Amino acid sequence: MQPYSERRARLIERMGSGVAVIATAPERLRNRDTHYGYRHDSYFYYLTGFTEPEAVLVLVAGDTPRSILFCREKNEEREIWDGWRFGPDAAREKFGFDEAFTCAELDAKLPELIADQPALHYVIGEDPAWDGRMMAALNAVRAQARAGRFAPSGLFDIRQPLDDMRLIKDAHEQSLMRRAADISARAHRRAMRATRPGAMEYEIEAELIHEFRRSGSEAPAYGSIVAGGANACVLHYVSNDAPLRDGDLLLIDAGCELGGYASDVTRAWPVNGRFSTAQRDLYQLVLAAQDAAFAMVRPGAHFIDYHDAAVRVLAQGFVDLKMLAGSVDSVIEQGTYKRFYMHRTGHWLGMDVHDAGEYRARSGGQEWRTLETGMVLTVEPGCYVRPADDVPEAFWNIGIRIEDDVLVTADGCDIYTVNTPKTVADIEAVMAEART
Ligand code: GLY
Ligand code: MN
Ligand code: MN
């Protein structure tokens, strides 16, 4: 339980004083008495490693720092139906909390915990019901004013220090993310091998899920995109229910979650196993953009640098392939490249697929954040061509994105998803092998 207690200690130090209250995610009803699959809250999990619902962490900073868990009580009847629970005593022991109570005791104990403290830190404004509970606790202390108690006068959003901590992945996180990326690489390879004209998009999605689950992943880290032909030009396509057609490309954006950590991988490959000339031209362009982007991922570079590098290569390609008129500089300055490339080249990756962490430096005006060793991000240029009279017809309905997950290292970056086939030759070889 070491990474979690170390993180709690670091957060307490950053808080300096006051009390933090961090709840895990609520269970959500899907219909009647059936719930959506449960997923803990990432902040809570980051600090506890505890995955049961109905749990709250309280951290007390100051001279006598303490971490306190509130969780479900042991309950023989509920455990027969829903499974084993830790209960406060076992949870305290196993997860290294100083104290533990049942969640039913939280509202009564909170005023005591925050009384006479200078500040209350929590996730402000995310859940109105939770905001209400925090205000009720504050008011309960204010009601004791004549007894000489005072309520915290500072109210802070605990996300800011936590986001900064989550942005730099420790050794435990890096090892999980590398494993998650490797499972996703295997899943993409399996999907490539299963692709053939006439298959349904959901059949290929099933191959991904098969590989995720057999490898121990809890679930996809986000809704898998399995998009044949023109569907690949819908950036967040999720229907995955169309047949795959000979001559089309298939774009798959899918990554598993392992131990609470996401991977996020995209590849595009030909349904029939061979790239056409137009498909290859665009594919090589996106690949070149990705290579240019990788070269800009290193400590000291600004977050936006690798996006700018990818945009320059793509803009040059769009002009060379007669998809856009004008000079490369004008295509970039006027933003006309956005017709074919309308998203950014990446984002932070961690427990959440679009992970916590700010992109601009708080100190430093309008400066984009500087990359640091231990950050993990995606590098995902793409190109999406909708039919239009002024665009060569051979490119119509081609959607390509090439997305890898990378760790920023002292001298550049380490590509976690390196085992996902990517060059034209590698993809065609994997697909040909599956057909023999
Ligand atoms: N899969 C979501 C993304 O690539 O950002
Ligand atoms: Mn992504
Ligand atoms: Mn993705």
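Both ligands and their constituent atoms are indexed starting at 1 by order of listing. Please read all numbers here as calculations on a predicted model, not as lab measurements.
Residue contact annotation: His347 places an N/O/S atom under 2.8 Å from the Mn ion (ligand 2). Look at Asp253 and the Mn ion (ligand 2): no N/O/S atom of the residue is under 2.8 Å from the metal.
Looking only at side-chain heavy atoms (C-beta outward), Thr24 and Tyr38 come within less than 4.5 Å of each other. The side-chain heavy atoms of Leu162 and Arg7, taken from C-beta on, include no pair separated by under 4.5 Å.
Relative orientation of the Trp84 and Phe86 rings is perpendicular, given thresholds of 30° and 60° on the angle between their planes. Classification of the Tyr45-His40 ring pair by plane angle, with boundaries at 30° and 60°, yields parallel.
Using a 4.0 Å cut-off between charged nitrogen and carboxylate oxygen, Asp98 and Arg92 do not count as a salt-bridge pair. Salt bridge status for Asp248 with Arg245: present, with a side-chain N to carboxylate O gap under 4.0 Å.
Below 4.0 Å from some heavy atom of Glu403 lie the following atoms of ligand 1, by number and element: 4 (O). Listed by number with element, the atoms of ligand 1 under 4.0 Å from a non-hydrogen atom of Tyr222 are 1 (N).
Rounded to 10°, the angle formed at the Mn ion (ligand 2) by Glu380 OE2 and Asp264 OD2 is 150°.
Within the structure, ligand 1 has His354 among the residues with a heavy atom less than 4.0 angstrom away.
The atom of Glu403 that is an N, O or S and sits closest to the Mn ion (ligand 2) is OE2.
Distance from atom 3 (C) of ligand 1 to its nearest protein heavy atom, with residue and atom name: Asp264 OD2, 3.3 Å.
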